[in-house]
J.: 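Handing you a structure now.
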Amino acid sequence: MNVKKFFNLAKIASKFSDYNKKNIHIGSVLVYKNKVIANGFNTSKTNPIQYQYNKYREITNDSERNYSADSHLPCVHAEMMCLINSKDMDIDWSKTSLFVYRESCNKTRMCRPCPSCMQALKDRGIKHIYYTSERGYNYERIND
């Protein structure tokens, strides 16, 4: 698998982001059998599926961040857009890989999926996640 190629495609997807909070641009691509089957980017548009999963952001040990799904607009995350764009596909989801790219102030940043997106990925059965960090990228295998 050409990891660099898929991160580059996620970077291109991030350019479509219209979510300008702190100039953060996030893009993602979902790959199956070495082909991109869906892409996504963070957007200020809302979606009921994102709202449904945002309850998982409330469950956190991070005392500095109080998050209430009811008080935030359910702006669609790049990972969630990939899931929405691929929802009708009949494939073995455990053999897909998600690549997530984040850029802020012209620098690559940490972009591990948030708890809501992580739960949605688990529910779909996706096992392989690659995401950017300040030092390159990280890989995680999601266990059931």
Side-chain angles (χ1 to χ4, degrees), residues 1-62 65-104 107-144:
M1 179 180 300
N2 189 337
V3 172
K4 190 172 184 176
K5 169 187 167 183
F6 294 124
F7 271 119
N8 190 48
L9 292 171
K11 179 179 182 177
I12 292 168
S14 77
K15 303 296 182 194
F16 291 94
S17 171
D18 67 357
Y19 187 71
N20 293 320
K21 183 180 178 183
K22 297 182 183 178
N23 199 27
I24 297 170
H25 298 282
I26 301 173
S28 62
V29 294
L30 187 60
V31 176
Y32 179 67
K33 294 186 177 180
N34 222 25
K35 293 182 182 176
V36 174
I37 60 170
N39 62 28
F41 50 87
N42 60 328
T43 179
S44 58
K45 294 178 182 171
T46 61
N47 186 286
I49 296 171
Q50 183 75 56
Y51 175 77
Q52 171 193 344
Y53 276 98
N54 276 352
K55 66 183 176 188
Y56 293 100
R57 294 178 76 184
E58 295 175 349
I59 305 168
T60 179
N61 294 329
D62 186 355
R65 237 179 130 178
N66 293 325
Y67 186 91
S68 169
D70 290 329
S71 65
H72 287 81
L73 286 175
C75 296
V76 178
H77 296 189
E79 304 93 324
M80 196 67 72
M81 188 182 282
C82 268
L83 295 177
I84 292 166
N85 290 340
S86 63
K87 65 181 171 45
D88 296 326
M89 294 182 179
D90 184 22
I91 60 174
D92 181 353
W93 293 101
S94 68
K95 294 182 180 177
T96 61
S97 297
L98 181 73
F99 291 81
V100 189
Y101 177 90
R102 174 181 171 193
E103 190 171 283
S104 177
K107 292 184 179 181
T108 303
R109 304 287 186 182
M110 174 61 78
C111 199
R112 184 177 189 273
C114 73
S116 61
C117 291
M118 195 62 88
Q119 187 62 49
L121 295 167
K122 286 179 186 178
D123 289 351
R124 183 68 64 92
I126 295 171
K127 304 280 185 207
H128 308 281
I129 303 172
Y130 297 82
Y131 54 91
T132 56
S133 71
E134 288 81 0
R135 294 183 177 161
Y137 72 89
N138 295 324
Y139 166 77
E140 265 186 59
R141 178 172 166 78
I142 299 177
N143 297 317
D144 296 333

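The figures that follow rest on heavy atoms only: side chains count, while hydrogens, waters and symmetry mates do not.
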J.: Taking the side chain as every heavy atom from C-beta outward, state whether Y139 and H128 have any atom pair closer than 4.5 Å.
T.: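 Sidechains of H128 and Y139: in contact.
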J.: Has S17 got a side-chain atom pairing as donor or acceptor with N42's backbone, closer than 3.5 angstrom?
T.: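 Yes; at least one donor-acceptor contact below 3.5 Å.
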J.: Under 3.5 Å, is there a donor on one side chain and an acceptor on the other for R124 and S86?
T.: yes
J.: Could you give the distance from OH (Y32) to OG (S94), rounded to the nearest 0.5 Å?
T.: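 If we round to the nearest 0.5 Å, Y32:OH and S94:OG are 8.5 Å apart.
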J.: For the CZ atom on R135, are there more than 12 heavy atoms of other groups (residues, nucleotides or ligands in this structure) within a distance under 6.0 Å?
T.: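 No.
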J.: Quick one about T43 and D18 (side-chain donor to acceptor, distance below 3.5 Å, no hydrogens or angles considered), yes or no?
T.: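 Side-chain D/A pair, D18 to T43: present.
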J.: What salt bridge (charged side-chain N to carboxylate O under 4.0 Å, His left out) pairs are there with at least one residue in residues 28-49, not counting sequence neighbours?
T.: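 Not a single pair qualifies under salt bridge (charged side-chain N to carboxylate O under 4.0 Å, His left out).
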J.: May I ask you to check whether over 12 heavy atoms, not counting those of F16, lie within 6.0 Å of atom CZ?
T.: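 Atom CZ in F16 is not crowded, with 12 or fewer foreign heavy atoms closer than 6.0 Å.
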J.: For a quick test of reading the model, state the closest non-hydrogen atom pair linking C75 to T46 and the distance between them.
T.: N-CG2, 4.3 Å
J.: With side chain to side chain donor-acceptor pair (under 3.5 Å) as the test, pick out the partner of Y131 among E79, R102, E140.
T.: E140
J.: Could you walk me through whether S116 and Q50 pass the side chain to side chain contact (heavy atoms under 4.5 Å, CB included) test, one step at a time?
T.: CA-CA 8 Å; S116 61; Q50 183 75 56; 3.5 Å; yes
J.: Nearest 0.5 Å, what's the CG-CD1 distance between L121 and I142?
T.: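 One finds 5.0 Å between CG of L121 and CD1 of I142.
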J.: To the nearest 0.5 Å, what is the distance between NZ (K122) and CD1 (I129)?
T.: 9.0 Å
J.: In Å, rounded to the nearest 0.5 Å, how long is the span from OH of Y53 to CE of M118?
T.: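 Here the rounded value is 13.5 Å.
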J.: For the atom pair CZ (R57) and NZ (K55), what is the distance rounded to the nearest 0.5 Å?
T.: 14.5 Å
J.: Over all heavy atoms of both residues, which pair between I24 and S104 is shortest? Give the atoms and the distance, please.
T.: CG1-OG, 4.1 Å
J.: Any heavy-atom pair between the side chains of E103 and K15 that's under 4.5 Å?
T.: yes
J.: Pairs of donor and acceptor atoms involving the side chains of residues 3-13, under 3.5 Å and at least two apart or interchain, shall be tabulated with distances.
T.:
none

J.: For the side chain of N54 and the backbone of P74, is there at least one donor-acceptor N/O pair under 3.5 Å apart?
T.: no
J.: Is a side-chain N or O of T132 found less than 3.5 angstrom from the main chain of R109, in a donor-acceptor match?
T.: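 Between the backbone of R109 and the side chain of T132 there is a qualifying donor-acceptor contact (under 3.5 Å).
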J.: What are the two closest non-hydrogen atoms of S133 and T108, and how far apart are they?
T.: O-CG2, 3.6 Å
J.: Answer whether the closest heavy-atom distance between the side chains of N47 and M80 falls below 4.5 Å.
T.: no
J.: Please confirm whether the backbone N or O of K127 pairs with a side-chain atom of R141, one donor and one acceptor, at under 3.5 Å?
T.: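 It does not hold such a pair.
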J.: Mind checking whether L30 and I126 have side chains closer than 4.5 Å, heavy atoms only?
T.: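 Counting from C-beta outward, L30 and I126 do come under 4.5 Å.
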J.: Give, for atom CG of N138 and atom SG of C111, the distance between the pair rounded to the nearest 0.5 Å.
T.: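 Nearest 0.5 Å value for the CG-SG distance: 11.0 Å.
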